[in-house]
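As the structure lists them, so they are numbered: ligands from 1, and atoms in each ligand from 1. Just so it is clear, the model here is predicted, and its values are computed rather than measured.
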Amino acid sequence: MDGLLGIGDFSARCGLSAKMLRSYAAAGLLVPAAVDRASGYRYYSTGQLHQAGVIALLRQAGIAVKDIAEFYDNPDPVRLDRWDREVTRDSTTRRQALVQARAALALGHVPPQIPAESSRIGSEMAPDFLAGVATHTGGRDTNQDATIVAHRLFGVADGLGQRGEIASRLALDTLEAAFAADRSISGLLIAGQQANQAVWQQAGTAGEDAQMGTTLTAIAITSDVGLVVLHIGDSRLYRWRRGRADQLTSDHSVVGDLLRSGELSEDDFRTHPHRQILTRALGVGPAADIDYAGVSCEPGDRLMLCTDGLFQAIAADDLKAILAAENAPQQSADQLVTTALERGAEDNITAMILDA
Ligand code: MG
């Protein structure tokens, strides 16, 4: 029979097993084109090889045989778009679960999920920020603070160790590149771990005398859950809303722990001899315990990211007064850094203002 293939030959040509072909035919899919009246043998046409190839690919994408059969009854390309969305959603959920499993193994406990309410607010808002950034060496020889203002990503990093300026820059650049490849929440969490890996590996190649690490506090506008803060170390995120400044991050530092347990007052905090000691940082181990949370942001809100050089030099009242003055973000950021310098800042100072 010209142009017709027995099930064995057809199977060999299309790569689908004879068993699969029989089960597809039973579901009404890829039904043999001809049957031998005498022997009852089924034959496929060579023209069916194309359909078999498409079916094999759709099966590889995880599409059910029943759904593929329906698609061939009514081949509408819109259905492919729907499958695409389903596969993306499914893989995002699975990747997020994997990221959380990895974090849970590193932490010894399961990290909290992003609260649904803040996620909802965040994705509805997805604000376009007006940004202003100022940084200064302060009382040090070099500035190890780094900043990034990129597409849907804003961050500050405060480098630690002798080569801290390499660590802070590398962390932010790695975060930006990785987040650009996947702007979902799971992409952001993976980007945070990649930033950690980059600094950890750099520290490994730089030798014993070049130990380095960095803090990281970043705001990202994710594609699926809106505004998310990524945070490790003692840089901070504040939200200014209707006359109130709320610190949205917890300092991962010895004095931060003492402050939270009530063993240290706000006044003593800024002069404590151990104020430089961090309990968590990026690049000091193969995996990092990075906090993340949804951030609610309304029109008129102002976010501030800063390094410890700023809040150790400026009292809370000064900070509020500057945030409250309705100046442009750049002017406010400049004013914060100038004030910190006037107060005799010992450390590098960085302030980033984001107006929603
Ligand atoms: Mg610092």
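Protein nitrogen, oxygen and sulfur atoms, that is N, O or S, within less than 2.8 Å of the Mg ion (ligand 1) amount to 3.
A salt bridge is absent between Glu165 and Arg169; no separation between the charged side-chain nitrogens and carboxylate oxygens falls under 4.0 Å.
The salt bridge (charged side-chain N to carboxylate O under 4.0 Å, His left out) pairs that include a residue from residues 4-22 number zero, where partners must be two or more places apart or lie in different chains. Residue pairs meeting the salt bridge (charged side-chain N to carboxylate O under 4.0 Å, His left out) criterion with at least one member in residues 334-353, sequence neighbours excluded, are Arg140-Asp347, Arg275-Glu346, Asp318-Arg343.
Between Phe154 and Phe129, the ring planes lie perpendicular to each other; the angle is over 60°, past the 30° to 60° tilted range.
Ile277 contributes atom CD1, which lies 9.5 Å from atom OG of Ser253 (distance to the nearest 0.5 angstrom).
Residue Leu160 shares its hydrophobic cluster (ILVMFWY side chains chained together at separations under 4.5 Å) with Leu278.
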